[in-house]
Amino acid sequence: EAGVAQSPRYKIIEKRQSVAFWCNPISGHATLYWYQQILGQGPKLLIQFQNNGVVDDSQLPKDRFSAERLKGVDSTLKIQPAKLEDSAVYLCASSISLGGNTIYFGEGSWLTVV
Amino acid sequence: AQTVTQSQPEMSVQEAETVTLSCTYDTSENNYYLFWYKQPPSRQMILVIRQEAYKQQNATENRFSVNFQKAAKSFSLKISDSQLGDTAMYFCAVGLGNDYKLSFGAGTTVTVRA
């Protein structure tokens, strides 16, 4: 079974530029998550989707971050304009549905803002 | 919101010996799940073990076992017969049963010495 796929794996951009990350969850998984992990910290949830609807985006900095999952399968996370403090690993994860199922993570997309 | 505390930033253990990682959490919910994830330098989060809060029996997965003390809100991980491949960052996480968002601790770096 294929895991959660993410791209690109690494990205270096200058501040005020934009960047987009793509995630393809495990086939059949209705729930998709984006986490931000700053070096030395645990992951922090940015947004959670159930199919193509948003369950929780309370921690998403909406002035610069956006995310979509239009067809309920793959998802894109965008940052525009980027700030130095956005340097982090962006982890995508998925689970079959809500309520106790195991959450599987991708390998992450490393972002460095210079 | 849930808070998860891992009070040990770093742990070192000799190969073949046992190490125990501590985790405490705070939630007002009754329906929740507890997890330990391993994160090697590649940054992919790998599920080590999970525990349903309604189960009294401690979960075991090969060399990994937990000591779940619900009243004390404590969830420690024991790694027995440590192997060099166990070297990684370990994160404790809590997920609520209804909306199932994971809240992570800050992590414990485990180094297994040859």
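In what follows, every chain begins at residue 1, and chains take the letters A, B, ... in the order their sequences are listed.
Residues V73(A) and Y33(A) fall into different hydrophobic clusters, defined by Ile, Leu, Val, Met, Phe, Trp and Tyr side chains chained together at heavy-atom separations under 4.5 Å. Linking Ile, Leu, Val, Met, Phe, Trp and Tyr whenever their side-chain heavy atoms come within less than 4.5 Å puts Y25(B) and V48(B) in one cluster. Note: the hydrophobic cluster containing L32(A) does not contain L47(B) (ILVMFWY, side chain heavy atoms under 4.5 Å, direct or indirect links). No chain of hydrophobic side-chain contacts below 4.5 Å, direct or via other Ile, Leu, Val, Met, Phe, Trp or Tyr residues, connects L45(A) to L60(A). Hydrophobic clustering of Ile, Leu, Val, Met, Phe, Trp and Tyr side chains at less than 4.5 Å, counting indirect connections, keeps V89(A) apart from F65(A).
Side-chain atoms of I46(B) and F105(A), non-hydrogen and from C-beta on, never get closer than 4.5 Å to each other. Within the 4.5 Å cutoff, no side-chain heavy atoms of I103(A) are placed close to those of Y33(B).
Atom NZ of K78(A) is surrounded by 12 or fewer heavy atoms from other residues, nucleotides or ligands within 6.0 Å. More than 12 heavy atoms of other residues, nucleotides or ligands lie within 6.0 Å of CD in E85(A), so this atom counts as buried by the packing criterion. Within 6.0 Å of the NZ atom in K62(A), the count of heavy atoms belonging to other residues, nucleotides or ligands exceeds 12.
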Given L102(B) and Y35(A), is the side-chain contact (heavy atoms from CB on, under 4.5 Å) satisfied, shown in steps? CA-CA 10 Å; L102(B) 291 184; Y35(A) 283 84; 3.2 Å; yes

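Neither the backbone nor the side chain of Q6(A) comes within less than 4.5 Å of any heavy atom of chain B. Contact of Q6(B) with chain A is not made at all, since no heavy-atom distance falls under 4.5 Å. For E107(A), the parts sitting under 4.5 Å from any heavy atom of chain B are the backbone and the side chain alike.
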For residues 71-79 of chain B, tabulate all N or O donor-acceptor pairs below 3.5 Å that involve a side-chain atom, not counting sequence neighbours.
residue : atom : partner : partner atom : Å
K73(B)  : NZ   : D26(B)  : OD1          : 3.4
K73(B)  : NZ   : T27(B)  : O            : 2.9

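Note: R43(B) leads M45(B), Q39(B), R43(B) in heavy-atom pairs under 4.5 Å with chain A. Of the listed residues (P43(A), S95(A), A93(A)), the greatest number of heavy-atom pairs within a distance under 4.5 Å of chain B belongs to P43(A).
For residues 84-94 of chain B, a heavy-atom distance under 4.5 Å to chain A picks out F91(B), given by residue number.
Note that CD of Q37(A) and CZ of F104(B) are 8.0 Å apart. Values are rounded to the nearest 0.5 Å.
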